[in-house]
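Letters A, B, ... mirror the listed sequences (proteins, then strands); counts begin at 1.
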Amino acid sequence: MKTSQLLIATTRETPTDAEVISHQLMLRAGLIRRLAGGLYTWLPLGLKVLRKVEGIIRQEMDRAGAQEVLMPVVQPAELWEESGRWQQYGAELLRIKDRHQRDFCLGPTHEEVITDMVRKEIRSYKQLPINFYQIQTKFRDEIRPRFGVMRSREFIMKDAYSFHLDRASLEATYQVMYDTYHRIFERMGLNFRAVQADTGSIGGDGSHEFHVLADSGEDAIAFSTESDFAANVELAEAMAPAGERAAPSQAMSEVATPNVHSIDEVCAFLKVEPSQTLKTLLVQGASKEQPVVALVLRGDHEINDIKVEKLAMVANPMTFATAEQVQAVANCDAGSIGPIGLTIPVIVDRAAAHCSDFVCGANKTGFHLTGVNWVRDGQTGLVADIRNVVEGDPSPDGKGTILIRRGIEVGHIFQLGDKYSKALNANVLNENSRAQILEMGCYGIGVTRVVAAAIEQNHDEKGIIWPDAIAPFQVCIVPMQMHKSPRVKDAAEQIYQALTAQGIEVLFDDRNERPGVMFNDMELMGIPHRIVIGERGLDEGKIEYKHRRDKDSQNMDQAVFMDFLLQQLS
RNA sequence: CGGAGUGUAGCGCAGCCUGGCUAGCGCACCUGUUUUGGGUACAGGUGGUCGGGGGUUCGAAUCCCUCCACUCCGACCA
């Protein structure tokens, strides 16, 4: 394609509201334009990239035996009422009425629609397992769309749904999808990791997220320094410290700590490290008999509410006790609570249970205890994992220690089980002619988000650097003074024709612009391979080549240039 | 929803506090000349409901009221 036929919508200035680099570069390179909050138009160049991403996904899904379908964006309320999500889903579900005042919504996901299709079309266990996917627009009315297409309201997602007679079949397909996702992101040239994930509100058992690693990512991921263990920080298990708890060496004593509340204040006042202190949080209990439960953590650790909510004793969602409850239970202010002497259930984090000679609240406003020891001074009660892992913790698989990095979630696979098939009564006849509820898996990739994530991971100060597989064009030709030199024009045209004939996507900059403008635009747009043709080189029988990542260009003999370039592209 | 802020040319902004010539500047765009291996220079030019509505005033981009949109921080969520 020639630039004269393509909308080159590059800009020199960065709009002020673009915070992350991918958003800035997508605007500057002319890939997208904002229409309204969280709504973006894909310009020709951006759409080319999007189609590349879709193409890879489509190929790999087809290869994995999934069948493509296309379901409506607008969905009837009845289906959502049947699954219970018409009530469950919050304001993120955009609800609309048609002219007859019937309720509809814009689909944020398609579990209901696919399950409805399957219950109508699939009758026999002989048709299973089966896996359907689509690449379709979704709408989630995010409270705060941000970072461009990274977190927009309307976005494109590849979502797949598999159906099975039993758990084993589901697990087998789940594994196929797990492998397929690896192939997809590898082909895109992205640095990514599959991590164990929480199943969140969708429910179900097995789940992995696929994260593109980038410092600007919204999610924290825990890795092992030595094994391939990787999990979302929300889920990563915090192990008990190694070895036995040290024996008491100090006597317990009460010290006055006026107006000292937070761990930082306690540490500054008593001149101790946060790891030598314990903090006690009071939360709502799950039963009337135990309306308040105490959670004990080391001062330098953070509570993990997902882990806490899995404890039977604690109310879900986790809710902190009110000031009145704190007074009633501990007889002091929240800043002075400690585990010693409490009569309510106490749940102690593994690390906190390992402490000796620690500092904690005295359950007496303005006082703390020092030199406190478990067993001697009070019982630990239930010991559990209730905190976030931190860097340096031992890896849960016993190999290496934890490292925390940030990632952008681009894919998520779930073993859903029968949540939707049961609600919508999706069943088939099994071998015994009995109706049997289907097992279900679902597998998503944020297609539009992949584009942003790829840029987040592949850019420099000049602009985007596309991996070849998703570049809008593999090669660009930048002719010098073509509009005055027939030689340059002929040479450039010839190479353009030859490459195009090979099926290579080439962008030929035929604009009558200064070289600097052309170079800057091509670099900003991130075309991986650049060919420069000028009088200077032609005089010497040379053609200039530079990869977007190279520092310097190299001059190649015209005779061997084509072979050289094709080798670069393979 | 809570807190903060912004709305003036396609983009980025000044002007507002202290009301008063024809509302400015940079980039972009158009014309001409120039230049041509890294966003060239000069000259000329196009483009504005000053977010909408209402009010105060002889006079409002500027002051007041109201509505709207957007952005940032927080809570929420995949």
Using the [atom1] atom as the point on both nucleotides, what is the distance between [M] and [N], in whole Å?
{"N": "B:rU57", "M": "B:rA14", "atom1": "C1'", "answer": "26 Å"}
{"N": "B:rU18", "M": "B:rU22", "atom1": "P", "answer": "24 Å"}
{"N": "B:rC29", "M": "B:rG48", "atom1": "C1'", "answer": "16 Å"}
{"N": "B:rG10", "M": "B:rC30", "atom1": "P", "answer": "16 Å"}

Kindly write out the residues that satisfy side chain to side chain contact (heavy atoms under 4.5 Å, CB included) with [X], not counting sequence neighbours, or none if the list is empty.
{"X": "A:Ser22", "result": "A:Val20, A:Met150, A:Ala452, A:Ile455, A:Glu456"}
{"X": "A:Thr319", "result": "A:Gln284"}
{"X": "A:Ala160", "result": "A:Met61, A:Asn131, A:Tyr133, A:Lys158, A:Tyr443"}
{"X": "A:Pro76", "result": "A:Glu78, A:Leu79, A:Phe104"}

Atom [atom1] of [X] and atom [atom2] of [N]: how far apart are they, to the nearest Å?
{"X": "A:Leu93", "N": "B:rC76", "atom1": "CG", "atom2": "C1'", "value": "16 Å"}
{"X": "A:Leu27", "N": "B:rA28", "atom1": "CG", "atom2": "P", "value": "18 Å"}
{"X": "A:Glu142", "N": "B:rC70", "atom1": "CD", "atom2": "P", "value": "15 Å"}
{"X": "A:Asp219", "N": "B:rC77", "atom1": "CG", "atom2": "C1'", "value": "12 Å"}
{"X": "A:Leu39", "N": "B:rA69", "atom1": "CG", "atom2": "C1'", "value": "14 Å"}
{"X": "A:His23", "N": "B:rC72", "atom1": "NE2", "atom2": "C1'", "value": "14 Å"}
{"X": "A:Arg85", "N": "B:rC77", "atom1": "CZ", "atom2": "C1'", "value": "13 Å"}

**OP:** For A:His547 and A:Arg549, indicate whether the former's side chain and the latter's backbone hold a donor-acceptor pair under 3.5 Å.
**Re:** yes
Original post:
Can you check whether A:Lys307's main-chain N or O pairs, donor with acceptor, with A:Asn304's side chain at less than 3.5 Å?
Top reply: yes
Subject >> Under the salt bridge (charged side-chain N to carboxylate O under 4.0 Å, His left out) test, residues paired with A:Glu493 that sit two or more places apart >> reply: A:Lys2
**OP:** Check salt bridge (charged side-chain N to carboxylate O under 4.0 Å, His left out) between A:Arg146 and all other residues, then give those that pass, not counting sequence neighbours.
**Re:** none
Applying ring-ring contact (aromatic ring centres under 6.0 Å, His included), name anything that partners [X], two or more places apart in sequence or on another chain.
{"X": "A:Trp80", "answer": "A:Tyr89"}
{"X": "A:Phe192", "answer": "A:His182, A:Phe185"}
{"X": "A:Tyr496", "answer": "A:Phe508"}

Are there any protein N/O atoms within less than 3.5 Å of an N/O atom in nucleotides 31-33 of chain B, and if so, which ones and at what distance?
none

Original post:
Donor-acceptor pair under 3.5 Å: do we get one between A:Arg151's side chain and the base of B:rC77?
Top reply: yes
Original post:
RNA chain B: A:Arg449 or A:Lys484, which has the more 5' nearest nucleotide?
Top reply: A:Lys484
Original post:
Can you give one letter per nucleotide of nucleotides 37-48 of chain B, going 5' to 3': B for a protein heavy atom under 4.0 Å from the base, S for sugar-phosphate only, - for none?
Top reply: BBBB--------
**OP:** Treat primed atoms plus P, OP1 and OP2 as sugar-phosphate and everything else as base, then score nucleotides 4-12 of chain B 5' to 3': B for base contact with protein heavy atoms under 4.0 Å, S for sugar-phosphate contact only, - for none.
**Re:** --------S
Original post:
Does atom NZ of A:Lys546 have more than 12 heavy-atom neighbours, drawn from other residues, nucleotides or ligands, at distances under 6.0 Å?
Top reply: yes
Original post:
What is the pairing partner of B:rA9, taking Watson-Crick or G-U wobble pairs with both distances under 3.5 Å in any strand?
Top reply: none
